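Working notes, structure below.
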Amino acid sequence: MPIKLSRRQILAGTVASSTLSLAPFGPAFAQADSIVVTSYGGVWEEAIRDLFVADFEARTGGTAEIQIGGPPQWMSQIEASLDNPPIDVLVNTIDLALVAGRTGLVEKIDRSKLNNIDNIPDRFIDAVQGWGVIFDYGSAGIAYHKERVANPPISIKAMIDGALAGEYVLSLPSISYAPTPQMLIWSLADALGGSVDNVDPAFEALKKLQEANAVIFYGGATEFLNHLEAGEAELGIYWDGRTWSHFSTGAEWIGYINPEEGGVMNPVVVQKVVNSSDAAWEYIDSMLAPGPQLGFAEKVQYGVTNSEVVYPDWLKDRITPWEDTRWPPFEAIGEAIPAWVDRWNREIGA
């Protein structure tokens with residue numbers, strides 16, 4: 001029976017360069033208010049500021065302040081002050097985006113206030129039940145050291161079989177890494193004949209890998225790269241965008257394969273907070289506009305969702321088409337996470 005989580009339980013424990021848009025104001029405002037928007041840190045903040053914020057401010061005359069952090073923190077802040085929320089636009093993981101919608105923290109998408117929404121495929125709205133829109137996504141596939149793996153596996157199943165045969169050591173995400181339930185546990189179960197309701201194949205494969213000394217685990221994205229560079233592992237499950245970003249720094253030894261099963265979709269959602277300024281719609285429209293989205297893709301090397309975006313030659317083969325990914329059952333996984341974490345701690349321990 002699925003485990004039901006309260007909103008507070010989920011908030012406490014869950015976690016998943018080009019010309020600016022010149023779109024007309026349409027249904028928008030003569031001058032926007034000052035709003036507060038959210039972003040992860042690092043290159044994400046740079047891209048948000050230089051592209052989406054810059055487009056919003058140039059078009060509307062308003063200002064957007066960026067708050068750095070993560071979805072659980074932001075959702076707790078909103079919940080504490082629903083009548084006068086401290087945040088106007090929320091960037092979110094898809095599982096928490098659904099929670100935010102169900103618990104009244106965000107509004108449904110209003111197509112009449114978004115000039116660019118018609119160029120976003122319905123899948124990116126329906127996946128979050130209309131409680132926002134996916135604007136960016138990554139895919140978890142197979143990253144490998146090209147100088148040490150001459151014939152990399154082309155599927156998740158072949159990757160496991162090769163490691164068990166002693167061909168290489170894998171670096172896989174540990175349970176302390178937030179996206180592990182989707183990118184590893186569900187992915188292995190799905191590829192090996194299981195499902196969200198039957199993850200036995202995933203845990204059995206992980207235990208066999210441990211017994212064969214064919215796996216090490218990483219707790220953060222940088223640690224995976226360190227494993228490969230230091231020779232502790234040869235390949236593993238990793239993000240396409242992070243792989244290519246590392247390649248672009250001069251690490252031309254790293255390669256990426258979208259496995260035959262499809263890499264695991266990891267979408268990023270943007271949402272308008274309930275009772276927030278209507279200028280939030282203009283900012284969301286900037287996040288959906290083709291010019292800023294292309295610039296964002298070029299900076300972070302992840303896919304974007306506006307169908308009008310045309311990637312340059314150097315980038316297009318690095319972006320995994322969303323149609324070639326596997327979409328996890330995010331809501332069901334969210335309910336299963338406590339049981340999976342408990343089982344991991346008992347059976348895997350890493």
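Owing to the predicted nature of the structure, the values given are computational and were not obtained by experimental measurement.
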E57: partners by salt bridge (Lys or Arg N to Asp or Glu O under 4.0 Å), with sequence neighbours left out: none
Connected via hydrophobic side-chain network under 4.5 Å: I216 and I185: no
Between W239 and Y302, ring centroids under 6.0 Å: no
Beyond-backbone contact of Q73 with Q67, side-chain heavy atoms, under 4.5 angstrom: yes
Side-chain donor-acceptor pair present, D110, S112, cut-off under 3.5 Å: yes
side-chain contact (heavy atoms from CB on, under 4.5 Å) evaluation trace for D88 with K272: CA-CA 6 Å; D88 297 281; K272 182 184 181 295; over 6 Å; no
Atom of I87, atom of S276 and distance for their closest heavy-atom approach: O-CB, 4.2 Å
Side-chain heavy atoms of D313 within contact of L315, under 4.5 Å: no
Carboxylate-amine/guanidinium proximity below 4.0 Å for R102 and E331: yes
Gap between atom CD1 of I117 and atom CG of D285 - 0.5 Å precision: 8.0 Å
For L172 against G236, the heavy-atom pair lying closest together: CD2-CA, 4.4 Å
Where at least one partner belongs to residues 170-195, residue pairs that pass salt bridge (Lys or Arg N to Asp or Glu O under 4.0 Å), sequence neighbours excluded: D190-R326
Pair R318, S245: side-chain N/O donor-acceptor within cut-off below 3.5 Å: no
Heavy-atom closest contact (V133 atom, V128 atom, distance): N-CG1, 4.2 Å
Test side-chain contact (heavy atoms from CB on, under 4.5 Å) applied to V269 and F124, step by step: CA-CA 9 Å; V269 182; F124 295 117; over 6 Å; no
Nearest heavy-atom neighbours spanning P86 and I78: CD-CA, 4.3 Å
Verdict with reasoning, V53 to F56, per side-chain contact (heavy atoms from CB on, under 4.5 Å): CA-CA 5 Å; V53 169; F56 166 78; 5.6 Å; no
F135 side chain near V304 side chain, heavy-atom distance below 4.5 Å: no
ILVMFWY cluster, I333 and V264 together (side-chain gap under 4.5 Å): yes
Any L188 side-chain heavy atom under 4.5 Å of L184 side chain: yes
Crowding at CD1, I154 (>12 non-hydrogen neighbours, <6.0 Å): no
Qualifying salt bridge (Lys or Arg N to Asp or Glu O under 4.0 Å) pairs with a residue from residues 218-247, counting only residues at least two apart or across chains: R148-E234
Side-chain donor-acceptor pairs under 3.5 Å in residues 203-215, sequence neighbours left out?
unit_1 : atom_1 : unit_2 : atom_2 : d
K207   : NZ     : E347   : OE1    : 3.1
Q210   : NE2    : I348   : O      : 3.2

Note, N116 side chain near P290 side chain (heavy atom, < 4.5 Å): yes
Q293 versus N306, side-chain donor and acceptor atoms under 3.5 Å: no
Residue pair I142 / P153: nearest heavy atoms and the distance that separates them: CD1-O, 3.8 Å
Test item: N198 side-chain N/O and G194 main-chain N/O as donor-acceptor pair under 3.5 Å: no
Approximate separation, where rounding is to 0.5 Å, of I109 CD1 and Q129 CD: 13.5 Å
V196 with M265, same ILVMFWY side-chain cluster at under 4.5 Å: yes
Shared hydrophobic cluster, W314 / W244 (ILVMFWY, side-chain heavy atoms < 4.5 Å): yes
Which atom of P121 lies closest to which atom of W322, heavy atoms considered: CB-CZ2, 4.1 Å
ring-ring contact (aromatic ring centres under 6.0 Å, His included) contacts in which one or both residues fall within residues 157-176, not counting sequence neighbours: none
Donor-acceptor contact below 3.5 Å, side chain N92 vs main chain P71: no
Ring pair (Phe, Tyr, Trp, His ring centres under 6.0 Å) partners of W131, counting only residues at least two apart: none
I319 vs K316 side-chain heavy atoms within contact, under 4.5 Å: no
Criterion salt bridge (Lys or Arg N to Asp or Glu O under 4.0 Å) on R343 and D200, from CA distance to verdict: CA-CA 10 Å; R343 183 171 180 178; D200 289 349; 2.7 Å; yes
Interatomic spacing from CG in L235 to CE in M159 - rounded to 0.5 Å: 7.0 Å
Identified side chain to side chain contact (heavy atoms under 4.5 Å, CB included) counterpart of I134 within the set V268, I94, I125: I94
Distance in Å, E107 CD paired with Q271 CD, rounded so as to fall on 0.5 Å steps: 11.0 Å
Salt bridge (Lys or Arg N to Asp or Glu O under 4.0 Å) partners of residues 118-146, not counting sequence neighbours, each pair once: R111-D118, R111-D122
OG-CG distance between S286 and N115, expressed to the nearest 0.5 angstrom: 10.0 Å
Indicate every side-chain donor-acceptor pair of residues 253-260 with a distance under 3.5 Å to a residue at least two apart or in another chain.
unit_1 : atom_1 : unit_2 : atom_2 : d
Y256   : OH     : S139   : O      : 3.2
Y256   : OH     : G141   : N      : 2.9
N258   : OD1    : G263   : N      : 2.8
N258   : ND2    : D324   : O      : 3.2

Ring pair (Phe, Tyr, Trp, His ring centres under 6.0 Å) against Y137, all qualifying residues, sequence neighbours excluded: none
Side chain to side chain donor-acceptor pair (under 3.5 Å) partners of residues 151-166, not counting sequence neighbours, each pair once: K157-D161
Chi angles and distances behind the side-chain contact (heavy atoms from CB on, under 4.5 Å) call for L90, V270: CA-CA 6 Å; L90 177 64; V270 58; over 6 Å; no
Any pair counted as ring-ring contact (aromatic ring centres under 6.0 Å, His included), so long as it reaches residues 210-229, sequence neighbours left out: Y177-Y218, F217-W344, Y218-F224, F224-Y238
Residues 35-49, side-chain donor-acceptor partners within the protein, below 3.5 Å, at least two apart:
unit_1 : atom_1 : unit_2 : atom_2 : d
T38    : OG1    : V89    : O      : 3.1
T38    : OG1    : V91    : N      : 2.8

Euclidean distance, W281 CH2 relative to D278 CG, rounded to 0.5 Å: 8.5 Å
